[in-house]
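Written out below as structure tokens is the structure these notes cover.
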Amino acid sequence: DAPGTTAHLAEIFVGRCFDKSTVADCNAWWAAFNQVVADVDPLSVTAASFDPYFAIANFSTPVDKAMFWSGSQYYVHQLSDAGLRYFTMEDTVGGFVQNGLHWCGSSSGYNYTSCPPGFRNTTTDTWYGAELAFWQHASTTFARQATGRVSVLLGSPYGGSAYRNSSFFALYELPNMNTSLVTAIDVYVITNGTERCGSGSLVALVQDIKHHLGLTPSCYDNPDMVRFILCENNGAPSAQCQFANEFSESS
Ligand code: NAD
Ligand code: CXR
């Protein structure tokens with residue numbers, strides 16, 4: 001099973017909301033969340049269950065700043081810098097308040113011990129399970145709003161594919177981008193073996209972007225802005241962190 005509900009979920013939610021969000025009434029917003037999740041079988045919750053909740057948390061994404069990601073959770077928010085450089089789903093009101101938390105209902109409020117993993121009905125393309133249903137809704141909404149030049153940062157943790165057709169990015173973000181709003185797409189890859197621009201799963205990504213958006217993306221392997229973050233976060237230089245070597249070779 002997945003982890004149980006985060007201790008003090010209500011206090012964290014309301015505290016984050018008061019601190020950073022534009023929502024007028026944080027207690028009413030928590031009540032809307034509670035209504036969907038508490039005392040409810042988590043596997044009966046779908047993305048549509050959260051419609052009233054997300055209706056309260058309106059947001060708009062700054063033009064040219066939307067950044068999607070997959071397999072790069074650890075780095076993408078250092079790169080986006082809380083919405084200053086890029087704007088990720090976790091920089092939206094709804095994403096910010098819930099990011100990193102866990103939750104599921106039980107017959108008496110919340111289950112703090114464990115949550116069922118949740119599953120996707122592939123025929124109806126619906127996630128069941130309070131947490132993943134929530135992220136399906138949040139991802140879909142975020143993708144529909146993206147405007148102008150959009151970006152995606154792909155990692156390939158554990159030697160897997162950078163672009164996986166089971167990822168939230170592939171299922172709910174790329175297909176929901178609006179062809180008349182998105183004008184260009186930049187793909188940034190944290191390379192790993194064969195996973196780099198023009199090879200591995202990046203070939204399928206280019207095809208899918210052409211298919212959904214009618215655009216040819218620009219693709220960058222380990223661009224400097226990403227390498228700075230990789231270097232900064234590794235005591236010993238990682239394979240992608242080459243600045244020091246380049247400097248010593250040329251001097
Ligand atoms: P990913 O595979 O790196 O997954 C990111 C996180 O989503 C994981 O760490 C996990 O918390 C959760 N997740 C995704 N699929 C899951 C599954 N099948 N079972 C359990 N947990 C799962 O990348 P992704 O799937 O492409 O998701 C990232 C994209 O979707 C981003 O662009 C973001 O906007 C959105 N998203 C964010 C979150 C989040 O927790 N902040 C969760 C899902 C989706
Ligand atoms: O998607 P990422 O891995 O973040 O990884 C992308 C690439 C990897 O291929 C790997 O080469 O970045 C590299 N990398 C690191 N250098 C690194 N240093 C610490 C990946 N993870 C690293 N960590 C830690 O491992 C972080 O705490 C991170 C976890 C694995 O992250 P993930 O599997 O998402 O949270």
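In this chain, numbering begins with 1 at the start of the sequence shown.
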Approximate separation, where rounding is to 0.5 Å, of [X] [atom1] and [Y] [atom2]:
X: I185; Y: H212; atom1: CD1; atom2: NE2; value: 10.5 Å
X: S151; Y: F87; atom1: OG; atom2: CZ; value: 13.5 Å
X: N58; Y: T92; atom1: CG; atom2: OG1; value: 11.0 Å
X: M67; Y: Y86; atom1: CE; atom2: OH; value: 4.5 Å
X: L181; Y: T61; atom1: CG; atom2: OG1; value: 10.5 Å
X: Q78; Y: Q73; atom1: CD; atom2: CD; value: 11.5 Å

What's the shortest heavy-atom distance between [X] and [Y], and which atoms?
X: A170; Y: N165; answer: CB-CA, 3.8 Å
X: S70; Y: F169; answer: CB-CB, 4.1 Å
X: T194; Y: S199; answer: O-OG, 2.5 Å
X: P117; Y: L132; answer: O-CD1, 3.6 Å
X: D39; Y: S108; answer: OD1-C, 3.6 Å
X: S49; Y: P52; answer: O-CD, 3.5 Å

Is the closest side-chain heavy-atom distance between [X] and [Y] below 4.5 Å?
X: R120; Y: T122; answer: yes
X: F68; Y: M177; answer: yes
X: L79; Y: T88; answer: no
X: E90; Y: F96; answer: no
X: R164; Y: S201; answer: no
X: C104; Y: P116; answer: yes
X: V226; Y: Y220; answer: no
X: W103; Y: Q98; answer: yes

Determine whether [X] and [Y] fall in the same hydrophobic cluster, where Ile, Leu, Val, Met, Phe, Trp and Tyr are linked whenever their side-chain heavy atoms lie under 4.5 Å apart.
X: V189; Y: L205; value: yes
X: L171; Y: V206; value: no
X: W69; Y: L213; value: no
X: L230; Y: Y74; value: yes
X: V97; Y: V76; value: no

Under 3.5 Å side-chain donor-acceptor pair for [X] and [Y]:
X: D125; Y: Y172; answer: yes
X: Y110; Y: N34; answer: yes
X: S156; Y: N192; answer: yes

Just to verify, which of L174, V152, V182 counts as forming a side chain to side chain contact (heavy atoms under 4.5 Å, CB included) with I209?
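Exactly one pass, corresponding to L174.
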With side-chain hydrogen bond (donor to acceptor under 3.5 Å, both in side chains) as the test, would you mind laying out the steps for Y163 and D208 before giving the verdict?
CA-CA 10 Å; Y163 178 61; D208 288 357; 2.6 Å; yes
Is there a donor-acceptor contact under 3.5 Å from the side chain of [X] to the main chain of [Y]?
X: D221; Y: T191; answer: no
X: S72; Y: Y75; answer: no
X: N121; Y: T124; answer: yes
X: T46; Y: Y128; answer: no

How far apart are the C-alpha atoms of S80 and D91, what are their side-chain angles, what is the distance that settles it, and do they pass the side-chain contact (heavy atoms from CB on, under 4.5 Å) test?
CA-CA 9 Å; S80 67; D91 299 309; 3.6 Å; yes
In sequence, state the C-alpha distance, the side-chain angles, and the governing distance for S218 and R149, and then conclude on side-chain contact (heavy atoms from CB on, under 4.5 Å).
CA-CA 11 Å; S218 305; R149 198 169 189 106; 4.1 Å; yes
Aromatic ring centroids of F54 and F134 under 6.0 Å?
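For F54 and F134, the ring centres are under 6.0 Å apart.
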What side-chain hydrogen bond (donor to acceptor under 3.5 Å, both in side chains) pairs are there with at least one residue in residues 129-146, not counting sequence neighbours?
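Sorted pair list: D51-H137, H102-E131, H137-T141, S139-E173.
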Residue pairs involving residues 4-33 (criterion side-chain hydrogen bond (donor to acceptor under 3.5 Å, both in side chains); sequence neighbours excluded)
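Those involving residues 4-33 do not exist here.
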Between K210 and L215, does the side-chain contact (heavy atoms from CB on, under 4.5 Å) criterion hold? Intermediate values first, please.
CA-CA 5 Å; K210 281 184 182 154; L215 295 171; over 6 Å; no
Test side-chain contact (heavy atoms from CB on, under 4.5 Å) on L101 and I12 and set out the steps.
CA-CA 9 Å; L101 306 179; I12 297 170; 4.0 Å; yes
